[in-house]
Amino acid sequence: MPESHTDSNFPAFEASRLRLALQSRQADAAVGDIHVFDQLPSTNDEASRLARASAKERTVVFAESQSAGRGRRGNAWNSPPGRDLLFSLVLYPKNTALINHSLRLPHLIAVAICQAIDSSLPDKSSQLKWPNDVYVKGKKIAGILIENATVSGQTFFIAGIGINVNSLSSDRPAELHTTATSLREENNHPLDRHEIAAAFLSSFDHIYPQGLLDFDATLKELKKRSLLLGHEISASLEGNKITGKVVGFGDNGELLIINPQAYGEKPEALYSADQVRLV
Amino acid sequence: MDIKEIKQIIELMNENELTHFHLERDGDKIKLQKGGDLEALQQALAMAQPAAPVAAAPVANAPAANAGAPPADADALPAGELEITSPMVGTFYRASGPDSDVFADIGSEVGEDTAVCIIEAMKVMNEINAEVKGTITKILVENGTPVQYGEPLFRVKSS
């Protein structure tokens, strides 16, 4: 018997309850308008539509379910209705210096997710798999996809975020049963999605926008939480493969890899990859 | 821009071991390539250089396309043709997803605000605008391939 979409354990996501959760954290200013939809093709698409129509800074769009949720390059993002957090945040960086450092944005968001969910994890153990997937005990729990555009001189960023809160492995496609987890699975009880969303928005508010310019604290978190640092990896991009040992992160969070045989003694910087695996 | 300024830029590139330099100012356009790091020069010239929409440090040991430091574009563009260059390091995509229509094709009319491609880096999908007005005559990069800062992506017949 499948669980119903909403019941007392899984209340519907409501803007008013998110506001209350933010107020209790003294983080009322961490969001602009809050939009909640029962279903959307993708929260990023709706947030992008709003951003192009001059939405408020930090407008946030939530959906109980997505019919065309996506990860990088069209990979599907699967989540059962009403269980997890699926949302997109609209950001209008105020000046060129912030825009010029926008490659750091996914790392700020990933670190803010880790900080937010750590308080709901028994051993506060979230980790990061470059570039910005969040893992707990070797299983993926959250993902990020950021889009940006400049329309009539106004640059905006849409940060699309999925956090597995109350879904179970039985809710997911078979191929994700052993590779994904949720906060509920890690705690053995359901959690309030409003509290998790408020914790993230509040954490992000603490590090953005200044963290784009002062990246040291985020870089430290990237190193501390990295699943890849110090390990041999294999990464592929559109059929090309790169292998080597991860020795650190560059100024914008790019992955630095050493493979003396292939690239010499200087580290190679990796900016994007379809798949990154430990070898 | 006179030769003295270009020499100063080359000296700065040499002092800082820089790979690429690209500046457009008051109708002047200069592009230099050799070995090293770009960001230090960008900082050094921050007062003079209009900021790119998104700037990024280049690949640490990116292969230099040209040895030495040629003082300007090695391949001169035909009269009336312009280039759309990559404002950042990343992967070039012609569409927002594998099943989406391409942003622009040969023959497409573009304006300054027309999105022509995506450059992806670290899961940031950066929609790149043409920044020039005209008709696309050539697509210079294969879909899904890595591009460097300042690398030409499209050729455009100016209108």
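Since the model is a prediction, treat every value here as computed from it, not as a measurement.
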_Pairs of heavy atoms under 4.5 Å with chain B: top-ranked of A:N240, A:N132, A:L105, A:V151_ =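 Option with the top pair count is A:N132.
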*Choice from A:A159, A:S152, A:G250 maximising heavy atom contacts with chain B below 4.5 Å*: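 Heavy-atom pair counts peak at A:S152.
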*Which of parallel (below 30°), tilted (30 to 60°) and perpendicular (above 60°) describes A:F62 and A:F87?*
parallel
*Passing option when B:T135 is tested against B:E109, B:K157, B:R155 for side-chain hydrogen bond (donor to acceptor under 3.5 Å, both in side chains)*: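 One option only clears the test, and that one is B:E109.
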*B:A115 versus chain A, heavy atoms under 4.5 Å apart: side chain, backbone, both or neither?*
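Answer is neither: B:A115 stays 4.5 Å or more from chain A.
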*If you round to the nearest 0.5 Å, how far is CG of A:L86 from CG of A:N164?*
8.5 Å
*Take A:S236 and A:D274, measure what side chain to side chain donor-acceptor pair (under 3.5 Å) needs, and give me the verdict at the end.*
CA-CA 6 Å; A:S236 63; A:D274 296 324; 4.8 Å; no
